[in-house]
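Here's the structure we're looking at; comments come further down.
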Amino acid sequence: MLLLDYQNVLIQSVLTERFSGAPPVSIDQTVSDFDGVIFHISTPETKTKIMVSIQIRCFKDLVRYGAEEVLNREYGPYVVPPEPGYDFSIVVDLESLPTDKEARDELVKKISLLKRNAMAAPFEQAYEEHYRLKQEASKFTSEEAPQGVREGGEVKAIHYREEEAIYVKASHDRVTVIFSTVFREETDRVFGKVFIQEFVDARRRAIQNAPQVLFRNDPPLELQGVPGVKNTGTGEIGYVTFGRWTYLRCGRACVLRGTVLFTRHLTPQRMPDVISHIQTFRDYFHYHIKASKAYIHSRMRRRTADFLQVLRRARPDHEEKERKTASGRTFKVGS
Amino acid sequence: MANQTPAVVMDNGTGFSKLGFAGNDSPSFVFPTAIATKGPAAGSGGSGSGRPAVANKPSFLTGGAGPTGHLSTKRGTEDLDFFIGDEAINAASGPGYGLHYPIRHGQIENWDHMERFWSNSIFKYLRVEPEDHYFLLTEPPLNPPENRENTAEIFFESFNCAGLYIAVQAVLALAASWTSSKVTDRSLTGTVIDSGDGVTHVIPVAEGYVIGSSIKSIPIAGRDITYFVQSLLRDRGEPDSSLKTAQEIKEEYCYVCPDIVKEFARFDRDRSRFMKHVVTQPGGRQVTVDVGYERFLAPEIFFNPEIYSSDFLTPLPVVVDGVIQSSPIDVRRGLYKNIVLSGGSTLYKDFGRRLQRDIKQLVDDRIRASEVRSGGAKSGGLEVQVITHKRQRHGPWFGGSLLGQTPEFRSYCHTKAEYQEYGPGIVRRFALLGGPGGS
């Protein structure tokens with residue numbers, strides 16, 4: 001498994017089963033997802049009405065960047081007032097499902113992408129802003145462009161975890177995405193650095209059209225003046241900058257054990273994919289750190305087994321031992 | 001609890017793994033504990049023994065050209081090329097992948113595979129960051145402490161999980177029985193009868209601690225019942241006697257009868273007790289299989305093993321009675337009073353009632369005999385109670401979910417910081433969850 005899925009597998013499997021025409025049963029399940037997102041699937045009123053609620057830490061940030069519009073666009077007819085304790089809810093009535101199977105699968109897929117869609121809003125907004133700025137900038141040459149156009153839009157901060165955030169900034173020639181990551185663990189920090197170094201070097205080495213990636217321990221220039229960005233100086237926090245994608249921003253990052261692969265898709269239709277990929281970056285990054293550790297562990301186990309084998313071989317087959325009988329006579333055993 | 005992430009409960013059994021979040025009433029995922037990796041299956045080589053098959057010469061002497069295709073000789077992304085669960089079974093049916101079962105007899109045998117199995121179940125299925133969640137794992141009774149340490153090493157060092165608790169399956173099964181209306185006091189004393197697919201265990205637990213010396217296992221479990229049904233179908237020459245059909249019949253029609261002879265007579269009187277089972281064979285052809293005496297005969301092998309096996313002849317009630325009699329005398333009353341069923345093969349209708357009656361009979365006979373021998377003394381009697389509840393099938397998982405959602409669960413876990421302070425040996429001891437002083 002190289003890539004992580006974007007959708008929540010559990011929601012998908014629960015809904016697929018429910019939608020397949022199985023007799024309705026009551027459901028009450030709390031489901032977790034990456035970044036502290038919690039889903040609640042329940043049937044509060046009747047067994048045929050399934051409610052899916054989501055709780056996101058940074059929902060306030062997301063609303064500011066237009067999450068509600070995106071969610072309403074995606075889930076329009078299903079949206080209901082949010083369940084207490086959760087940020088957003090939808091209700092699907094099993095009795096009024098689309099009739100053909102494909103439409104149902106589509107709906108299941110859509111619901112299981114709830115988290116992705118909620119998080120997509122700031123990115124989409126950044127894209128639009130970029131298109132707008134590009135239009136404006138095309139009227140000027142680079143020198144005489146007014147300050148606002150050259151500088152680009154404001155920095156959108158999504159504090160998706162307690163200490164970590166994604167910053168998105170659009171300007172006329174690029175969209176910059178900055179991840180701040182925290183490593184609690186010394187080992188992880190080392191692994192992480194190696195990984196990111198590979199990302200950074202990817203463009204230099206093999207893949208010419210990969211987006212530029214920067215990694216540094218102090219906040220990058222784009223984040224100057226953004227409240228809440230601290231320069232700890234301890235190196236615990238790292239900043240990964242994706243971006244400066246001159247044309248149509250691309251995405252699709254795959255780490256192949258240190259080989260970074262960026263494929264450029266030159267159609268703006270790839271936007272949803274890019275957003276999905278960028279979102280799973282952190283989880284994916286951490287997954288691969290863990291997978292590498294597992295790999296190293298398995299090599300360590302193997303090496304231990306080999307050494308034990310050598311030791312076992314080194315033992316002489318017939319050891320001569322001197323034994324004593326009760327009366328004090330000695331004799332030799334073995335050989 | 002708004003900001004608290006739910007604890008992850010993982011019950012990795014020999015056959016199936018149950019994964020989910022604490023507080024839910026059923027596991028989110030139940031799939032085979034199987035992993036499919038590139039290369040031949042485990043059955044052929046020595047890798048089934050758990051240790052990687054050691055080459056004639058160690059690999060560092062041969063320059064990594066040992067005869068085994070072990071992972072450590074690979075430098076690419078081979079270690080990420082695997083499937084787990086149902087996907088593994090599908091992948092293994094095609095070419096290129098071999099199927100492995102990292103757990104044997106309840107204990108983890110292949111740590112390489114298990115580590116990857118866990119990483120995939122956490123990231124792909126449960127979709128959680130281990131840093132953010134506490135984990136509750138289960139272990140079989142009599143699991144060596146080294147295995148616990150290995151597990152802790154993987155969870156703390158590979159996954160950096162926030163906290164870890166390892167509980168014994170039997171104790172969790174007892175906790176799961178608290179949902180039954182028959183249980184009034186939430187004690188952790190009782191006898192657990194855990195019958196899965198491969199083997200049936202009878203485990204006495206006193207105040208949360210397993211009495212290891214008294215555990216008995218019976219080589220009759222779900223798979224044997226399926227084989228027995230299959231053999232009955234074959235004897236009659238039914239049109240379809242595949243293992244799958246036998247299993248469906250077992251799950252759908254079987255029940256436990258109070259008296260086998262009367263049940264035969266009742267079947268002969270009332271023809272409506274004979275059922276028909278429709279099987280759709282591959283290819284779309286439908287055949288009808290008659291279902292007759294096996295409805296009550298199949299689960300009967302627990303109570304009269306001689307009808308199925310010729311080398312194991314002790315009925316289940318006698319085993320249970322023996323287990324309790326071999327336990328310390330001061331807990332026996334509690335053990336008789338709280339006999340808890342767990343596992344898929346205890347789900348037959350009236351299984352608990354029959355077991356209770358048979359054990360009661362054994363106990364009463366013994367009491368009567370000792371009354372006669374003592375010459376006139378009267379015994380106050382002994383209460384025997386077998387507890388059947390709704391969560392029997394995934395008993396240990398449900399018990400884990402129940403205990404994992406309690407607010408004090410986290411204080412019982414060992415955290416990463418504690419692990420780093422003391423080393424892996426810390427997981428040899430856990431404070432008893434749900435025990436006295438707990439909830």
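Lettering follows sequence order; numbering is per chain, from 1.
Legend: residues meeting side-chain hydrogen bond (donor to acceptor under 3.5 Å, both in side chains) with A:S26, ordered by chain and number and at least two apart, are absent. Qualifying side-chain hydrogen bond (donor to acceptor under 3.5 Å, both in side chains) partners for A:D105, counting only residues two or more places apart in sequence or in other chains: A:K101.
Annotation: B:R393, atom CZ; neighbour count of heavy atoms from other residues, nucleotides and ligands within 6.0 Å does not exceed 12.
Residue contact with chain B, scored on non-hydrogen atoms closer than 4.5 Å, involves the backbone and the side chain of A:D33 alike. Heavy atoms of B:F21 lying under 4.5 Å from chain A belong exclusively to its side chain. Contacts between B:E129 and chain A at a heavy-atom distance below 4.5 Å involve backbone atoms as well as side-chain atoms. For A:Q12, no part sits under 4.5 Å from any heavy atom of chain B, backbone or side chain. Both the backbone and the side chain of A:V31 come within less than 4.5 Å of a heavy atom of chain B. Residue B:H113 does not touch chain A at all, counting heavy-atom pairs closer than 4.5 Å. Proximity to chain A is absent for every atom of B:I122, based on heavy atoms less than 4.5 angstrom apart. Of the atoms belonging to A:D35, heavy atoms from both backbone and side chain fall under 4.5 Å from chain B. Looking at B:E131, only its side chain comes within 4.5 Å of chain A, counting heavy atoms on both sides.
At least one cation-pi condition fails for A:R116 and A:Y6: the charged atom is not both under 6.0 angstrom from the six-membered ring centre and inside a 45 degree cone around its axis. Both the sub-6.0 Å distance and the 45° axial angle are satisfied by B:K38 relative to the ring of B:Y97.
The pair B:R116-B:D112 fails the salt-bridge criterion, with no side-chain N (NZ, NE, NH1 or NH2) lying under 4.0 Å from an Asp/Glu carboxylate O. With respect to A:K293 and A:D188, a salt bridge is recorded, a charged nitrogen being found less than 4.0 Å from a carboxylate O.
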